[in-house]
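In what follows, chains carry the letters A, B, and so on, assigned in the order in which the sequence lines appear, proteins first and then strands, with residues in each chain numbered from 1.
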Amino acid sequence: MLEKYPKSYSPREAERKWYEIWQKNRIYEASVQSTKPGYSILMPPPNITGILHFGHVLNITIQDVYIRWKRMLGFEVCWFPGTDHAGIATQTRVEKELAKQGLTRYDLGREKFLEKVWQWKEEYGNIILRQLRELGISCDWSRTLFTMDESASNAVREVFIRLFDEGLIYRGKGIINWSPLSQTALSDEEVEFREVKEHLYTLRYFFENSSEYLPVATVRPETIFGDVAVAVNPNDERYNKFIGKNVVVPLANRAVPVIADEYADPHFGTGCVKITPAHDPNDFEVGIRHNLPIINSINPDGTLNEYALEFNGLERFEARKRIVEKLKEKNLIERIEDYVHNVGFSQRGGEPIEPYLSDQWFVKMKPLAEIALKPVLDGRIRFFPKHWEKTYQHWLENIRDWCISRQLWWGHRIPVYYTPDGRYTAARNVDEARKKLNLSKNVELTQDPDVLDTWFSSWLWPLTTMRWLADGITEDTPDLQKFFPTDLLVTAPDIIFFWVARMIMATMKFKNEIPFRDVYFTSTIRDGLGRKLSKSLGNSPDPLMIIEKYGADATRFTMTYLSPLGQDLRMDIDVKTQDIPSMEIGRNFANKIWNAGRFLLLKRDMVFLQDCCPQNQERVLTSEELSFADRWILSRLHSTISKVYRNLENYRINEYSKTLYDFVWRDFCDWYIEIFKVQLNENNELSFNQALMRFAMDLFENILKLIHPIMPFISEELWHLIRNKSKNKSISLEKYPEPNEDLIDEVLEADFEVIQMVVEEIRRMRVDLGLEPNKKIDVILSTNRTNLIDMLQKIKAPISSLVRANSLEVSVESPTNEKALTSIVREVEIHIPLTGEIDINRELERIQKELERLNKNISSIESKLSNQTFLTKANPEVVEREKVKLESMKETLAKLENLYTKLSKI
RNA sequence: GGUGGCUUAGCUCAGUUGGUCGAGAGCGUUCGCCUCACACGCGAAAGGUCACUGGUUCGAAUCCAGUAGCCACCACCA
């Protein structure tokens, strides 16, 4: 019999089995024909180069909780999965593969290279989705979308053309963030600033044919070859007399003018700024203002070009060293200081970015920002936690145009065609372009070689997942009708600008509707030292290993349990063993549930003599038959259910987990099951026992349903074990429990708490007495409160069992027996008659402490109650509660004092 | 520089509209138990001026202001 339900739960076996069954039965595929109301979530598409990390685990688990919850609530639920082509990341990855064979993408050519990337994508691109399955997620795999699928690409192209025709996409020259490593432009969001220790060099810019010079400070001496002026502040009396004169750029030996511009801050550095329009955004502005020439002295790969004369061809940082040496040699440096400042780095490649002048494509963001701000400000879109709205607003109000062109091959190619003489338009194909430009058939057009920023397809995700413009024409689709707008987006706060804001822009722009109603920003996951998880720090264990060790349910549970809304999640990651010990929370909880289930199953088999299932039992407990404990656990169950709803609705997912944990472990296992054991007495009539068994099983089934969204596997496994013999063989748990307010009895719960306190006190007294664990004791409880007497009488047997008592007497009068250990809890006096001696001093000390505590509380309540303003202003209920509390405390106090004097006389 | 967040037991944190908090949980620690579901367990204990200062209020861990420390995001002057 014991082998039938093993003592310890092995999660992985059950998890593999159930995922296969769920998949085979396609139970998570959504139907647009359903008459149920729709509920949908878009899965943030992971990069095809990605592998599973704990950010995904948390993010995906939360989504699955909501998906499963809503499904059980009777919604037609659709969770749209997919992957992102991740332009730079993927192209770099494949180029690395090529490099192993000594090849570059240029060796293959564009077409052949793209073939290679597609091959790579087919082979490795779905790894991440397979990994996600290990978590047991219930998305609709039949709707999986890849951002470069034809349907999505069609929408991307149409959107580009529309925005181009509207003038919201333009081509322009500007200083952009250039990645010398990937040799492409980046958007502002793809650059992260880090503090770097460098040097500030003060160089000597001599006046022509003079020994006088202007001191010019720079951290980038290698850019002097692009200098076209030196600026001073017109109000700077040290220098304004030189305005209009020429100085000679060191090493370059070119004369450039001294100009006046407010941009030069007299209080910073030397007050003189070299102007290098091609390599600094501010200088570029100055250049335009003063109509200065532009000299680009750096190549796309980050080496200096012919303007750098003898330094031509040197990599920029190597060049800096050599140039500084040369400047020193020629005594052109006045001084060198240590200098800490911020440098932009490529978020992906990690190399310092180069502000670079080039022709790129931009999206005009102002109009889009305006329409995206509205729905958040007016509450149509809600952020959780709310404070991100401010960040969102600030970004949109200070937005700059979005550089969308990338000098890559992997991505959506920009649908723009150029004539040989440089005219251009956006079009679906060459013919259309010719038509738009009024050209004859024989004019050769060339397509723009660049591709679009990856996020230019991601921002359409709410639309492309639902097949919007999948054929380039059809705007309305069944999916859109059923599932748009989506209900919830779960994502990390670091892509609020990259993705969240832009999705809102796009759907507001193209559909004039919000893309989602609620946005939940997940916790950033950190290690015990508060560091972000990263491969290089070695503090990022492989989730699959953790899942393998603890189980998917345990991993899901622990992650949500530890993840508070709006705060970072700290995990105790052991770098050496790559383990996360706190995963034991979930594992132990799963094991606890398993054993509770196992216990009930074993009892069931006894009570029902096999081959029957409590749920087929027609006899149920009548309300008169419900014991005090039964009614208590029912009340607790429904309090818990209503708390679960409240927590899930407010996205307090950690509270949801905690609520379940406490209810299952503390209320159900520690108290109810223990009492149930006593209630299920051999002397009962069989039919009563069967009805009681059914009552307990019903409770447990409710528990399984409550935990199903967060622990889908173990709940499914146990549910099927329970229902095995029944005729009802549906695939998965259905119908989420609903709270029944009528069954919640707060007075009853409070009364039960007194019983719990009494039991705990008796147990403590046992320890005080140094009793053997199995030693049975006699207990006398006394109180003059009739309701308590009544209650204690009714639950006498379970209490006796919980405290291992031979006999338990309940009376009004306290016994006169001298030889007893006595204690007082609330209004209940507890006596344990003893055979041996007790340590009087220790008892006195304990009582003394308790007296002090009580006195303190009493005087605080008394002062409250003697305060007239409190009595008049406070809520009458509160006053009443305080009065009752005081009454109870005074009673306890009197009893304790009594006991104290009695003891001290001995 | 701007904005937001955090500070409650040794550690990680709950504490949702101020009164049911007569401050909680898990881990860790200490003591006792293989009690016929569970040692991934059971029972018990020790441990807190709720960062500091002031204010609002009859009443503050909870609201407001300031201070300190930590963190994040945004901007960025050579």
Visitor: Identify whether any heavy atom of A:I496 sits under 4.0 Å from a base atom; if not, whether one sits that close to sugar-phosphate; answer base, sugar-phosphate or nothing.
Guide: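 Counting heavy atoms under 4.0 Å across all strands, no contact is made by A:I496.
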
Visitor: Quantified in whole Å, what is the C1' atom distance between nucleotide B:rA51 and nucleotide B:rG5?
Guide: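 The same atom, C1', in both gives a distance of 15 Å.
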
Visitor: Can you check whether A:I675 reaches A:L802 side chain to side chain, under 4.5 Å on heavy atoms?
Guide: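 Sidechains of A:L802 and A:I675: in contact.
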
Visitor: What residues form a ring pair (Phe, Tyr, Trp, His ring centres under 6.0 Å) with A:F498, not counting sequence neighbours?
Guide: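 Counting only residues at least two positions away or on another chain, A:F498 forms a ring pair (Phe, Tyr, Trp, His ring centres under 6.0 Å) with A:W455.
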
Visitor: What do you reckon, are the aromatic ring centroids of A:W388 and A:F383 less than 6.0 Å apart?
Guide: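 Not under 6.0 Å, so no.
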
Visitor: Between B:rU12 and B:rG28, how many Å separate the two C1' atoms, rounded to a whole number?
Guide: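 These two C1' atoms come out 11 Å apart once rounded.
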
Visitor: Below the 4.0 Å mark, does B:rC40 have OP1 or OP2 next to a side-chain nitrogen or oxygen of A:R587?
Guide: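 Checking B:rC40 against A:R587, no side-chain N or O comes under 4.0 Å of OP1 or OP2.
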
Visitor: Which residues satisfy the salt bridge (charged side-chain N to carboxylate O under 4.0 Å, His left out) test with A:D568, sequence neighbours excluded?
Guide: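 A:R526.
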
Visitor: Taking atom C1' in both B:rA44 and B:rU7, compute the distance separating them and give it to the nearest angstrom.
Guide: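 B:rA44 and B:rU7 have their C1' atoms separated by 32 Å.
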
Visitor: Separation of A:E655 atom CD from B:rC13 atom P, in whole Å?
Guide: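 Interatomic distance, CD of A:E655 to P of B:rC13: 14 Å.
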
Visitor: For A:R526, which contact category applies under a 4.0 Å heavy-atom criterion: base, sugar-phosphate, or nothing?
Guide: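 Sugar-phosphate: the residue A:R526, judged by heavy atoms under 4.0 Å, touches backbone atoms but no base.
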
Visitor: Would you say A:K390 places a side-chain N or O within less than 4.0 Å of OP1 or OP2 belonging to B:rU3?
Guide: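 No, no such contact exists.
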
Visitor: Please give the distance between the P atoms of B:rG19 and B:rG55 as a whole number of Å.
Guide: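 The same atom, P, in both gives a distance of 22 Å.
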
Visitor: Rounded off to whole Å, could you give me the CD1-to-P distance for the A:I593 and B:rG41 pair?
Guide: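 Atom CD1 in A:I593 sits about 13 Å away from atom P in B:rG41.
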
Visitor: Could you list the residues that satisfy ring pair (Phe, Tyr, Trp, His ring centres under 6.0 Å) with A:F268, not counting sequence neighbours?
Guide: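 Expected list: none.
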
Visitor: Base, sugar-phosphate alone, or nothing: which one does A:T524 contact when heavy atoms must sit under 4.0 Å apart?
Guide: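 Result for A:T524 = nothing.
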
Visitor: Check every strand shown and say whether A:E760 touches a base, only sugar-phosphate, or nothing at a heavy-atom separation below 4.0 Å.
Guide: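 The residue A:E760 makes sugar-phosphate contact but no base contact.
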
Visitor: Would you tabulate the pairs of protein nitrogen or oxygen atoms and nucleotide nitrogen or oxygen atoms of nucleotides 58-62 of chain B closer than 3.5 angstrom?
Guide:
from	atom 1	to	atom 2	distance (Å)
B:rC58	OP1	A:K873	NZ	2.2
B:rC58	O4'	A:T869	OG1	3.1
B:rC58	O2'	A:N867	ND2	2.7

Visitor: Flag yes if more than 12 heavy atoms outside A:R400 fall under 6.0 Å of its CZ atom; otherwise flag no.
Guide: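 It does not: A:R400 CZ has 12 such atoms or fewer within range.
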
Visitor: Under the salt bridge (charged side-chain N to carboxylate O under 4.0 Å, His left out) test, which residues partner A:E334, sequence neighbours left out?
Guide: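 None.
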
Visitor: Which residues pass the side chain to side chain contact (heavy atoms under 4.5 Å, CB included) test with A:A229, not counting sequence neighbours?
Guide: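 A:A229: side chain to side chain contact (heavy atoms under 4.5 Å, CB included) contacts with A:P257, A:I259, A:I275, A:L292.
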
Visitor: For A:E222, enumerate each residue passing the salt bridge (charged side-chain N to carboxylate O under 4.0 Å, His left out) test, keeping only those at least two apart in sequence or located in another chain.
Guide: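 In terms of salt bridge (charged side-chain N to carboxylate O under 4.0 Å, His left out), with neighbours along the sequence ignored, A:E222 is linked to A:R220, A:R320.
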
Visitor: Mind checking whether A:F752 and A:W671 have parallel, tilted or perpendicular rings, split at 30° and 60°?
Guide: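 Ring orientation of A:F752 relative to A:W671: perpendicular.
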
Visitor: Atom CD1 of A:I722 to atom C1' of B:rA37: distance rounded to whole Å?
Guide: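 About 13 Å, once rounded to whole Å.
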
Visitor: Checking all strands, does A:E397 fall into the base, sugar-phosphate, or nothing category for heavy-atom contacts under 4.0 angstrom?
Guide: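 Result for A:E397 = nothing.
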
Visitor: Taking the P atom in each of B:rG69 and B:rU20, what is the distance between them to the nearest angstrom?
Guide: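 Result for the P pair: 35 Å, nearest Å.
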
Visitor: Exactly one of A:I799, A:I830, A:N806 should register a side-chain contact (heavy atoms from CB on, under 4.5 Å) with A:V779. Which one does?
Guide: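 Only one option passes, and that is A:I830.
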
Visitor: Checking A:N282 now: which residues fulfil side-chain hydrogen bond (donor to acceptor under 3.5 Å, both in side chains) with it, not counting sequence neighbours?
Guide: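 With neighbours one apart ignored, the set is empty.
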
Visitor: Just the rounded figure in Å: distance from P of B:rC42 to CZ of A:R804.
Guide: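 Rounding to the nearest Å, CZ of A:R804 and P of B:rC42 are 14 Å apart.
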
Visitor: How far, in whole Å, is B:rU17 from B:rG1 if one measures between their C1' atoms?
Guide: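 The answer is 37 Å between these two C1' atoms.
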
Visitor: Among residues at least two apart in sequence or on other chains, which ones pass salt bridge (charged side-chain N to carboxylate O under 4.0 Å, His left out) with A:R652?
Guide: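 Salt bridge (charged side-chain N to carboxylate O under 4.0 Å, His left out) check on A:R652 returns nothing, list empty.
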
Visitor: Grab the N/O contacts between the protein and nucleotides 24-32 of chain B below 3.5 Å, and write none if there aren't any.
Guide:
from	atom 1	to	atom 2	distance (Å)
B:rG26	OP1	A:R666	NH1	2.8

Visitor: If you assign each of A:R764 and A:C669 to its closest nucleotide in RNA chain B, which residue comes earlier from the 5' end?
Guide: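 Looking at the nearest nucleotide for each, A:C669 comes out on the 5' side.
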
Visitor: Rounding to a whole Å, what distance do you find between A:E772:CD and B:rU35:P?
Guide: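 Distance, rounded to whole Å: 14 Å.
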
Visitor: Can you tell me how far P of B:rC40 sits from CH2 of A:W594, to the nearest Å?
Guide: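 Distance, rounded to whole Å: 17 Å.
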
Visitor: To the nearest Å, give me how far apart NE2 (A:H387) and C1' (B:rC71) are.
Guide: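 Spelled out: NE2 on A:H387 to C1' on B:rC71 is 12 Å.
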
Visitor: Determine the interplanar angle of the A:Y672 and A:F676 rings, folded into 0 to 90°, and report it as parallel if under 30°, tilted if 30 to 60°, perpendicular if over 60°.
Guide: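 The arrangement is tilted - the two ring planes meet at 30° to 60°.
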
Visitor: In which ranges does RNA chain B form stems of 3 or more consecutive Watson-Crick or G-U pairs, distances under 3.5 Å?
Guide: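 So the stems come out as B:1-7 with B:68-74, B:10-13 with B:24-27, B:29-33 with B:41-45, B:51-55 with B:63-67.
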
Visitor: Distance check needed: B:rG5 P versus A:E389 CD, whole Å only.
Guide: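 Whole-Å distance recorded here is 12 Å.
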
Visitor: If you take atom types as modelled and just measure distance, does the side chain of A:K7 reach the base of B:rA39 with a donor-acceptor pair under 3.5 Å?
Guide: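 Answer is no: no donor-acceptor pair is held.
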
Visitor: For the NE2 atom on A:H394, are there more than 12 heavy atoms of other groups (residues, nucleotides or ligands in this structure) within a distance under 6.0 Å?
Guide: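 No, not enclosed.
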
Visitor: Does A:W665 put a side-chain nitrogen or oxygen below 4.0 Å from OP1 or OP2 of B:rA37?
Guide: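 For B:rA37, neither OP1 nor OP2 has a side-chain N or O of A:W665 closer than 4.0 Å.
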
Visitor: Is the NZ or CZ atom of A:K677 positioned over A:F599's six-membered ring, under 6.0 angstrom from the centre and within 45° of the axis?
Guide: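 Checked: cation-pi criterion met.
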
Visitor: At under 4.0 Å between heavy atoms, what does A:P493 touch on the DNA or RNA strands: base, sugar-phosphate, or nothing?
Guide: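 Since no nucleic acid heavy atom lies under 4.0 Å of A:P493, the category is nothing.
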
Visitor: Expressed in whole Å, how much space separates the P atoms belonging to B:rA46 and B:rG2?
Guide: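 The same atom, P, in both gives a distance of 49 Å.
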
Visitor: Would one find a side-chain N or O of A:R570 under 4.0 angstrom from OP1 or OP2 of B:rU12?
Guide: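 Indeed, a polar side-chain atom of A:R570 lies that close.
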
Visitor: Mind checking the P distance from B:rG47 to B:rG10? Whole angstroms is fine.
Guide: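 Looking at atom P only, B:rG47 and B:rG10 are 11 Å apart.
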
Visitor: Quick check on B:rC42: is either OP1 or OP2 less than 4.0 Å from any side-chain nitrogen or oxygen of A:K592?
Guide: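 Checking A:K592 against B:rC42: at least one side-chain N or O falls below 4.0 Å of OP1 or OP2.
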
Visitor: For every nucleotide of nucleotides 73-78 of chain B, 5' to 3': is a protein heavy atom under 4.0 Å from its base (B), only from its sugar-phosphate (S), or from neither (-)?
Guide: SSBBBB

